[in-house]
Amino acid sequence: MTLSLLIVQLLNGLQFGVLLFLVAAGLTLVFGVMDFINLAHGVQYMLGAYLAVTFVSLTGSFLLGLVLALAAALLLGLALEFLVFRHLYERDHLDQVLATFGLILLLNQAVKMIWGAAPLSVPVPEFLSGNVRLMDGILYPVYRFALIGAGLGVGALLWFVVEKTRTGMLLRAGASNAPMVSALGVDIRKLFMIVFAFGTMLAGFAGAMAAPILSVEPGMGDTVLILAFVVIVVGGIGSIRGAFVGALIVGLVDTLGRSSMNDLLRLFMAPASARATGAALSSMLIYLVMAAVLFVRPEGLLPAKGRS
Amino acid sequence: QAQEPIKIGVVSVLTGPAASLGQQVRDGFQLAVDKNGGKLGGVPVKITVIDDELKPDVAVERVRSFVESEKPAFVVGPVFSNILGAIAKPVLDSGAFLISPNAGPSTMAGKACNKNFFVTSYQNDQVHEVLGKYAQDQNYKKAYIIAPNYQAGKDSLAGFKRYFKGEIVDEVYAPLNAMDFSADLAKIASSKPDVVFAFLPGGLGVNFVKQWSQAGLQGKIPFLSAFTVDESTLPAQQDAAVGLYGGMTWAPNMDNAQTKDFVKAYEAAYKIVPGSYAQQSYDAAMLIDSAVKAAGGTGNPDKLRDAIKKADFTSLRGKFKFNTNGYPIQDFYLVKVAKRADGKFQTEIAQKVFSDYADPHAKDCALK
Amino acid sequence: MLSVEGLDAGYGEAQILFGVDLAVGEGEVVTLLGRNGMGKTTTVRAIMGLLPAKAGRIAFGGRDLTGAAPFRIAQAGIGLVPEGRQIFPTLSVEENLIATAADRSGKKRWDLERIYAFFPRLRERRENRGNQLSGGEQQMLAIGRALMTNPKLIILDEATEGLAPLIREEIWNCLTALKAEGESILVIDKNVDALVRIADRHIVLEKGRVVWRGSSAELRSDSAVKDRFLHF
Amino acid sequence: MAEPALALKGLAKSFGALKVTNGVDLSIAPGELHALIGPNGAGKTTLVHQISGTLKPDAGAILFGGQDITRLSPQARARAGLARTFQITSTIPSLSALENVALGVQAHSAHPLSLFRDAASDEALNTPAWEALEAVGLAERAHAPAGSLSHGEKRALEIAMALTLQPKLILLDEPLAGVGHEEGERLIGLLNSLKGRFAMLLVEHDMSAVFALADRVTVLVYGGVIASGAPAAVRADPAVRQAYLGEEG
Amino acid sequence: MASAPANSAATTRPVAPTVRRLAPLVIFILLALLPLGSMLGLPGHWLTLVTRAMIFAIAALSLDLVLGIGGLISFGHAAFVGIGAYGAGILITEGQTELLVALPVILLACAVFATVTGYVSLRTRGVAFIMITLAFGQMAFYFAQALSAYGGDDGLTLYEKSTLLGHEIFGNRTGFYYIALGTLAFCYGLARRLVASRFGRVLRAARENAVRVTITGYDVNHVRLGAYVISGMMAGLAGFLLANQTDFVSPAYMSWPRSGELIFMVVLGGVGSLYGAILGALAFLVTEDVLSSLTHNWKIIFGPLIVLFVLFTHGGIAGLVAKLRGRRDG
Ligand SMILES: Nc1ncnc2c1ncn2[C@@H]1O[C@H](COP(=O)(O)OP(=O)(O)OP(=O)(O)O)[C@@H](O)[C@H]1O
Ligand SMILES: Nc1ncnc2c1ncn2[C@@H]1O[C@H](COP(=O)(O)OP(=O)(O)OP(=O)(O)O)[C@@H](O)[C@H]1O
Ligand SMILES: [Mg+2]
Ligand SMILES: [Mg+2]
């Protein structure tokens with residue numbers, strides 16, 4: 001592998017990681033901070049993408065469409081919270097898993113009925129189309145740089161809110177002992193509702209941002225959901241910094257693994273078997289990394305304080 | 001008259017990302033039946049649509065209970081080879097005819113061929129061979145080839161290499177759920193092959209093609225593909241796919257009357273441009289129509305089989321005949337994506353690559 | 001200030017409290033006494049709205065708070081030091097103190113500085129997480145946290161459990177000072193000897209019913225009750 | 001002199017910069033009830049954790065009946081006869097009080113993990129369990145789930161559980177915390193009656209209990225021992241009064 | 001998880017002993033009578049459907065043993081089902097159909113896989129355990145996908161079924177039904193005994209308070225590993241039956257959604273009650289079948305149904321049964 005290729009692959013890994021981070025951030029907020037396992041986070045991501053498809057084509061403007069999609073995602077989050085989630089906060093994790101699985105079935109099917117089964121897409125906005133030249137003829141899409149930037153911005157904002165503000169403290173406190181927070185005079189339910197809706201909006205944001213580069217199709221959230229869980233477990237549950245680091249690791253490992261596993265194995269294997277082994281291994285790679293991380297540090301790389 | 005209807009099961013995937021293919025199979029078949037006034041071969045038909053969910057064990061369970069309770073004369077389906085492998089045994093054991101409108105695995109073309117199994121599409125390898133042959137004919141020297149990491153993916157790249165004799169700069173197996181191909185695209189950009197061959201069905205293809213165009217590769221490197229740019233993915237790929245090549249036995253602009261009627265009727269009924277999935281399924285219905293007519297019903301399986309083997313129907317492809325193993329012998333084309341005047345996208349025939357092409361596995365089949 | 005009338009409450013099918021009446025006046029210190037498992041904590045939980053009352057009325061500062069959510073009751077000006085400390089394990093000491101801080105009495109007597117001055121040990125451990133504290137340190141934190149809401153009435157449920165004798169003395173002194181400032185206090189504690197000095201009135205619970213009530217002087221003179229709760 | 005039941009030699013433990021256990025030497029004779037007192041945060045619980053094996057010391061040695069157990073796992077120490085109670089009550093909430101106690105009996109039986117025999121009707125487990133419950137006055141609540149017991153009852157249950165481990169030494173971390181006056185008296189009576197059967201290390205802030213029970217007292221301040229000896233002597237020690245006891249002693 | 005103790009209350013809801021004994025009895029009697037029902041007009045495919053449901057019930061039961069009783073949420077349990085299925089599939093493909101050869105091989109393979117992965121996984125707790133078992137499940141999945149000799153991703157069709165001493169015991173559909181029922185009853189009895197045993201008591205106790213159990217003198221991980229291995233073998237048995245029922249094995253049997261479905265069955269049925277897992281599997285698969293025969297958009301009904309069920313009941317179907325009975329008893 002040449003140096004320039006390596007740089008591009010690192011950028012690719014970074015960008016993939018950032019996309020994962022956008023999904024994982026909402027998940028870790030709701031899961032880590034509020035101690036709620038929301039399997040429906042993946043379908044919320046999918047809905048964000050579909051809403052973007054609709055609103056972008058309706059308004060003809062990416063930015064306007066994005067804003068409308070976010071608003072719709074927020075509303076959807078509030079509705080879901082009101083109808084389903086608030087009744088599950090005090091329930092067992094497994095009850096949450098089962099109920100949110102029901103939501104996955106419902107929303108996946110609803111999306112298929114509303115938007116059809118065929119993949120859809122959103123065009124890359126005009127002002128972010130085009131490429132940046134990175135040495136000897138290797139181009140890198142501007143939109144992907146924008147995506148990286150958006151991810152970093154969201155990450156910084158979230159970290160600040162959760163770690164540095166009183167709202168963040170109350171959230172963390174509420175996760176471990178909600179009745180006590182309430183008994184000290186804070187309306188924890190309202191707080192949870194806002195955070196939950198915000199988490200949904202974040203998932204929607206990730207979906208909307210991914211729509212111009214990925215195919216928008218029913219079930220697109222299911223793979224992402226598992227990857228997002230891998231990310232937050234590797235990084236340390238409930239920690240925004242952890243999710244960020246975990247996302248970068250997963251993004252880089254997956255990207256670099258896929259692009260260099262064959263070359264690596266070919267050093268000491270016949271090309272045909274290197275290919276076969278390489279393909280199987282690179283699929284397994286992130287799981288191997290996760291198992292290794294958890295074996296050495298069961299609480300993840302950068303666990304939230306107090307969750308070790 | 002109170003005629004006993006022919007029972008037909010249509011097994012197709014209607015759940016998950018692949019559902020858009022499955023819907024074409026279901027709708028193409030239904031269109032043919034509707035066109036015939038709810039009858040095939042003059043006999044009313046009762047169609048049961050079974051969603052295989054792309055899960056082999058679910059498919060087996062549903063199909064088995066269907067054949068056990070309904071005793072159908074025909075089962076049409078499925079889209080994917082791994083589902084075919086799962087349902088073939090219960091269907092064929094029940095004595096029904098199994099007509100595959102899409103999946104054409106090599107296993108069932110050779111040793112494991114069955115007298116009651118027919119394919120109205122092609123043997124899977126052939127489509128990939130079309131592109132290999134074309135790449136060879138163009139005298140490309142270096143090819144970058146990519147497919148998903150599963151059996152059909154491996155068969156695909158093997159098929160391409162059967163005819164392409166140049167250098168393979170890289171042979172890549174992507175995860176089945178890959179979303180982001182930027183790593184592969186970077187590799188392509190840096191290794192500068194003469195041609196890229198991809199087998200990336202469904203959402204994989206949408207992602208790849210969009211990112212291909214965003215990476216600025218469109219128009220720079222010839223892009224040949226199988227099941228990567230077709231009518232099921234074009235609505236999402238749109239302009240990003242225009243000018244890309246695929247291999248097929250048919251395209252919506254095929255120059256014959258039956259195709260014109262079919263495309264028009266399909267678009268009117270389902271609001272999308274039909275792809276090969278719909279076309280092959282439509283042909284499957286027409287095949288049944290001709291056979292039932294010739295055999296005078298479904299009462300005599302041997303007569304029915306002989307009638308099916310004759311394939312005496314007007315295929316949307318024009319000429320069509322069966323090999324001894326139940327797979328077709330037919331022409332294959334290079335197709336190219338184009339934007340129609342009405343703004344929709346479709347594949348169009350670019351050139352013929354094989355004539356009367358039979359799959360190589362037929363020689364392993366004991367049937368005569 | 002606080003008045004509870006005819007309170008019935010329990011867990012699931014099991015009724016624990018039967019018609020409990022109690023009142024705490026402005027600037028008054030009242031104790032709730034009784035053996036283990038007699039329903040003291042249950043009473044407190046019901047007052048705070050953490051446990052639904054099956055019957056009865058709870059009012060505070062003239063407002064009916066029966067059936068209100070816990071946060072409303074707390075916002076009305078009741079501060080709780082719960083049994084078993086219940087500090088927030090994932091928050092640092094300082095975060096524990098400021099997360100729910102408020103000024104509910106309108107006099108803002110307590111801030112971080114005053115808490116740290118009162119419990120120097122907490123200042124030393126301010127960066128530590130709640131679950132890294134020793135039992136006694138956690139107890140100090142729970143008291144500090146309740147004071148930081150500047151309540152009109154403070155409820156202390158076994159607030160001196162696990163505290164060293166010196167610190168316990170400090171707490172009693174503090175309660176005396178608070179009382180002097182006009183704070184109302186409802187306290188549950190096994191160190192009745194000390195409480196007799198500070199408290200105005202005492203209420204004894206047995207199997208969820210009030211079986212005795214009276215002033216400190218009456219407690220000292222009632223030999224049956226005295227034997228049960230006092231050392232001398 | 002007989003081998004001490006427990007001996008700590010230069011035990012040390014830090015959390016970051018904080019030295020929580022600072023070169024502690026301590027020796028408890030067989031059958032002795034040794035009280036460990038000190039201000040909040042002095043490191044008493046941390047010391048108990050190290051002895052029972054749930055925390056690893058940074059340096060020093062722990063000798064149990066003459067045997068070095070510094071590197072043994074907690075479960076191995078328990079099997080060797082080292083039992084403890086927790087400062088924050090720790091029972092198994094959904095199991096009944098009886099089952100909680102039987103769990104301890106079972107651990108010391110010949111087949112602690114046999115796979116098929118019904119455990120609930122196993123008299124070999126139940127009889128000793130009943131005895132332990134009776135000893136702490138919990139027999140009436142035997143079938144109540146431990147989670148529904150009141151605070152004081154849970155404390156008693158913890159002691160019953162420790163009793164079944166056929167201990168040579170019991171570590172008691174604030175057994176009287178949250179226990180009412182009347183139950184406290186009974187618990188003190190119980191501990192008194194158990195004196196001599198095994199050694200006990202009692203961590204407690206209730207001075208009336210400490211001075212009623214202890215054979216010897218050690219005072220820990222900032223992780224170090226500042227005084228150790230007979231109760232009366234310790235009580236009179238001005239340093240101890242200043243650091244810990246205040247007026248009350 | 002910080003709030004684990006508070007949460008565990010919901011999973012350990014005590015079920016009245018009479019229900020615990022009576023409910024499974026009723027279930028097994030009804031199951032034994034079902035083939036008669038199909039003579040009386042129940043659709044013919046119900047026999048197949050319920051056979052499949054009982055096979056999944058075995059897998060769900062095995063999961064409940066670690067999940068419900070041991071508190072270990074294994075998100076890779078489908079791997080064991082897959083190993084069992086592939087064991088049968090590969091042996092049959094290689095011409096070895098004898099059950100008395102296949103079963104020991106499969107059970108051993110499952111035990112080895114469980115021991116190795118369990119040893120690593122049990123270092124972690126809570127969500128980390130969920131995810132590390134997922135990781136091992138996925139590795140098994142990708143491994144099966146790479147098994148080109150046995151069909152790779154396309155799966156493997158079995159042209160024969162397993163035999164017992166040369167007899168084709170799986171050939172007859174009703175016979176298969178009763179074999180599945182018998183296996184299920186056997187596994188249930190085994191699990192019941194295990195839970196009631198000393199071993200089971202320690203396992204249950206460790207779920208709620210591992211520190212306490214350790215301090216009492218048990219090696220908690222040792223006990224958990226034992227349960228994990230037993231559970232894995234039981235799931236492998238289900239896989240063996242599944243392969244023989246579908247005449248087909250595929251990597252899809254091991255994919256993570258499959259592991260997820262097993263968890264849903266257990267939770268739906270009621271965690272930790274064992275017979276709940278059986279009810280959960282039956283309810284899940286039968287509802288799925290009934291609804292999907294009504295409409296292809298059945299998930300739009302099934303999804304909300306699940307949500308409503310969780311919102312309005314506690315402790316799954318078993319909890320519901322216990323509550324209804326409790327109400328009737330007064
Ligand atoms: N969560 C609960 N579920 C069921 N019963 C409970 C629960 N909490 C307490 N109880 C029961 O309620 C009764 C009263 O308990 P409460 O905690 O109010 O007593 P208390 O007077 O505060 O005792 P202590 O001095 O031990 O704290 C006890 O019998 C106890 O067993
Ligand atoms: N994990 C930890 N990380 C950092 N500091 C800790 C940790 N655990 C305990 N400490 C600190 O070590 C000191 C000793 O704690 P320990 O619990 O041993 O005190 P103690 O003597 O039992 O006090 P108490 O009488 O209040 O129970 C305390 O200041 C505590 O804050
Ligand atoms: Mg209490
Ligand atoms: Mg302590």
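Just so it is clear: chains get the letters A, B, ... in the order the sequence lines come, proteins before strands, and each one is counted from 1.
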Per-residue tally against chain E (heavy atom, under 4.5 Å) across D:Ser73, D:Ala83, D:Ser90 peaks at D:Ser90
Heavy-atom closest pair (E:Thr216 atom, D:Gly104 atom, distance to 0.1 Å) is CG2-CA, 3.5 Å
- prompt: Side chains of D:Ser94 and E:Arg204: does their closest heavy-atom pair fall under 4.5 Å?
  reply: no
Okay, D:Leu103 and chain E: the region with an atom under 4.5 Å from a heavy atom over there is both
Output for pair (D:Leu115 CG, E:Arg193 CZ), nearest 0.5 Å, gives 11.0 Å
Side chains of D:Arg117 and E:Ser197: closer than 4.5 Å at any heavy-atom pair?
no
Honestly, the part of D:Ala76 sitting under 4.5 Å from a heavy atom of chain E is neither
Applying a strict 4.5 Å limit to non-hydrogen atoms, the region of D:Ser52 in contact with chain E is both
In this structure, CZ of D:Arg84 is separated from CZ of E:Arg212 (nearest 0.5 Å) by 8.5 Å
The interface call for D:Asp122 against chain E, heavy-atom contacts under 4.5 Å, is side chain
message = If you define the side chain from C-beta out and look only at heavy atoms, does anything of D:Ser114 sit under 4.5 Å from E:Phe199?
response = no
Max heavy-atom pairs within cutoff under 4.5 Å with chain E, candidates D:Ser121, D:Gly53, D:Pro112, goes to D:Pro112
Rounded to the nearest 0.5 Å, the CD atom of D:Glu99 sits from the CZ atom of E:Arg201 at a distance of 5.0 Å
| Judged by atom type as modelled, is there a donor-acceptor pair below 3.5 Å linking the side chain of D:Gln75 to the main-chain atoms of E:Ile215? | no
d(D:Arg79 CZ, E:Tyr218 OH) to nearest 0.5 Å is 9.5 Å
What one should report as the nearest heavy-atom pair of D:Thr91 and E:Asn209 is O-ND2, 3.0 Å
In terms of heavy-atom pairs under 4.5 Å with chain D, the winner among E:Val213, E:Asp219, E:Val211 is E:Asp219
Kindly check if the number of other-residue, nucleotide or ligand heavy atoms within 6.0 Å of CD (D:Glu134) is above 12?
-> yes
Okay, E:Val195 and chain D: the region with an atom under 4.5 Å from a heavy atom over there is neither
E:Arg198 and D:Ser109 have their tightest heavy-atom pair at NH1-OG, 2.9 Å
